[in-house]
Amino acid sequence: MSEQAAAAACELPPHYGEAAFDRDPLRALEEGHRRHGPVFRMTVDGNETVLVGTWAGLVELFAGERGRLEVLNTPLVHDLFGRALFNLTDDGHAEARRRLRPALSGRALPGYVPPLLEVTDPVTGRWAQHGVGDLYTAVRALTGSLSARVLLGIAPGDADAAGFASAFERFVAASGALPGRGRFMSGRYWAGRAARRRLHALFARRAAAVAEPGSDSALAGLVAAFEDAPQEVGPLPDHLLALLIAARETTASLITWCLVELAGNREHAVLAQAEADGAVAAPELLARRGAVPVLRAVLAEAQRLHSPNLLSMREAVCPVDLGGYRIPAGSRVAYSPSAGHFDPEVFPQPHTFQPGRFLDGESRGARLWAFGGGAHACLGRPLAELMALTVMASVLHQGVPRLPGGPPSRIRYRPAKAPLTAVPLVLDRQETAS
Ligand code: HEM
């Protein structure tokens, strides 16, 4: 290390003090990185936080993460989610990922396409007939049904469907209780704990009844993968709840923005519609790499422009060197998945929706970070992308999306990026699409 680098490594990163993070967090992050480079400090939610961004910053962060940075979760999250993946560390975490992954990716995916379409097609048929009062609410409900079907084998008409949905809602509500000791005073916290017990009992019952791996839900494969698992990987019911939660707002967010952008870019919607018709006739295309390129380009551009997650939080468990600075143990560190998505060198005209850049344009091979990276990179990415492609294909097969009230004018960024007010949607039937 040169003398200059060694001196910098003793300093804290610069503080970016003017940012109105709450008002426009993405702009604040973009401006902070423009002024100070990959690493700077900023106050986030009242806490001093080291922000890491840009392509170079994220690569450095993920390369040195294991053993130095841990996911920063509140006591409430530890308490509700037990030994779920994002609460585990070190070898237990790595081993749990190894056991969870096969049922969520690769050869498992083609088997999930028929059940995903079985859930989606009747819903988009109703959207085409009656329109949708609020796109995000409708997509969120659909995403919940898709996750229940593909992760647990619970179809919408199943005897367990209503019980699962109401217990899950109570559990989700508990995650909004106070994060510290104050949670013990909250009714929704205790209701959430009771819901957790009901959900675990339901998972155990369904797990005991599943057929061999290779069935059309992930549960059979997950049960088999955890049969001989050592204690350090945590129990499968904790992981199932984590998968259901991790899938929920994020996937609903991404699908919503795909549909919003298709509605605002009719020429792409019409191009993608031809692929959608083909995919409905031959659904296996949806899980095939390289197939449906226009739909995949729309998906990639929506990920770039509308990353569902705003920030992922870490805590330094020892001093960490980042960007030439020395970050003390105990510091909060955060990265924004979208912090590298607006670099005009990589993505010319970064604020406009241009799926063509992923088809044959200059950004074709560019790395997107919407699903994170490093030790805690999203395990559900293949499944989330399959769900999004399925919904887009099913919608476009019914008609071209249109937003009669225009695109969302106000947006919230947490827990995932979503319109703040209702966005009505209609589908213009194919014969009327010009
Ligand atoms: C568009 C949808 C999704 C997005 C944008 C997304 C994004 C992310 C991101 C950014 C992370 C990393 C968090 C961190 O660094 O702390 C993550 C982690 C995770 N995601 Fe996703 N996710 C999506 C859907 C899903 C789905 C469908 C599942 C499960 C079926 C899932 C399961 C997980 C799990 C278990 C983790 C934690 C991994 C770990 O801690 O090792 N996600 N996700």
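In each ligand, atom 1 is the first atom listed, and ligand 1 is the first ligand listed.
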Quiz item: Which residue and non-hydrogen atom of the protein lie closest to atom 34 (C) of ligand 1, and at what distance in Å?
Solution: Ala246 CB, 4.0 Å
Quiz item: Among protein heavy atoms, which lies nearest atom 16 (O) of ligand 1, and at what distance?
Solution: Arg314 NH1, 2.9 Å
Practice problem: Any chance you could lay out the side chain to side chain donor-acceptor pair (under 3.5 Å) test for His306 and Glu261, step after step, and finish with the verdict? | Solution: CA-CA 10 Å; His306 303 290; Glu261 293 296 358; 2.7 Å; yes
Self-check item: Residue-ligand contact Met313/ligand 1, heavy atom below 4.0 Å
Solution: no
Practice problem: Check the pair Ser394 / Thr120 against side chain to side chain donor-acceptor pair (under 3.5 Å), numbers first and verdict last. | Solution: CA-CA 7 Å; Ser394 181; Thr120 307; 5.5 Å; no
Quiz prompt | Interfacing atoms of ligand 1 (cut-off 4.0 Å, heavy-atom, Leu85) | solution = 35 (C), 38 (C), 39 (C), 41 (O)
Quiz item: Got a donor-acceptor contact below 3.5 angstrom from the Arg97 side chain to the Ala377 backbone?
Solution: yes
Exercise. Give a yes or no on whether a salt bridge exists between Asp79 and Arg193, defined as a side-chain N under 4.0 angstrom from a carboxylate O.
Key: yes
Quiz item: Does some non-hydrogen atom of Trp369 fall short of 4.0 Å from ligand 1?
Solution: no
Practice problem: Could you tell me the residue and atom name of the protein heavy atom closest to atom 6 (C) of ligand 1, and the distance to it rounded to 0.1 Å? | Solution: Phe371 CD2, 3.7 Å
Quiz item: Does an N or O anywhere in Arg381 fall below 3.5 Å from an N or O of ligand 1?
Solution: no
Quiz item: Which protein non-hydrogen atom lies closest to atom 23 (C) of ligand 1, naming both residue and atom, and how far is it?
Solution: Thr250 OG1, 3.4 Å
Exercise. Could you list which atoms of ligand 1 come closer than 4.0 Å to a heavy atom of Arg97?
Key: 38 (C), 39 (C), 41 (O)
Quiz item: Where the closest heavy atom to atom 19 (C) of ligand 1 is concerned, which of Cys258, Ser312, Ala252, Cys378 has it?
Solution: Cys378
Practice problem: Specify side chain, backbone, both or neither for Asn309, according to which of its non-hydrogen atoms lie closer than 4.0 Å to ligand 1. | Solution: side chain
Exercise. Have a look at ligand 1 and work out which part of Ala247, if any, has a heavy atom under 4.0 Å from it: side chain, backbone, both or neither.
Key: both
Exercise. Enumerate the atoms of ligand 1 whose separation from the nearest heavy atom of Ala370 is less than 4.0 angstrom.
Key: 5 (C), 7 (C), 10 (C)
Exercise. For the pair Asn73 (side chain) and Phe86 (backbone), establish whether a donor and an acceptor sit closer than 3.5 Å, ignoring hydrogens and angles.
Key: yes
Practice problem: Can you label the angle between the Phe203 ring and the Phe164 ring as parallel, tilted or perpendicular, going by 30° and 60°? | Solution: tilted
Quiz item: Counting both backbone and side chain atoms, is some N or O of Thr251 under 3.5 Å from an N or O of ligand 1?
Solution: no
Quiz prompt | Minimum non-hydrogen distance to atom 12 (C) of ligand 1, winning option of His376, Gln303, Glu385 | solution = His376
Quiz item: Touching ligand 1 at all, Ala242? Heavy atoms, strictly under 4.0 Å?
Solution: no
Quiz item: Any donor-acceptor pair under 3.5 Å linking the side chain of Thr143 with the backbone of Arg248?
Solution: no
Practice problem: Using the six-membered ring of Phe347, assess whether NZ or CZ of Arg304 lies under 6.0 Å from its centre and within 45 degrees of the ring axis. | Solution: yes
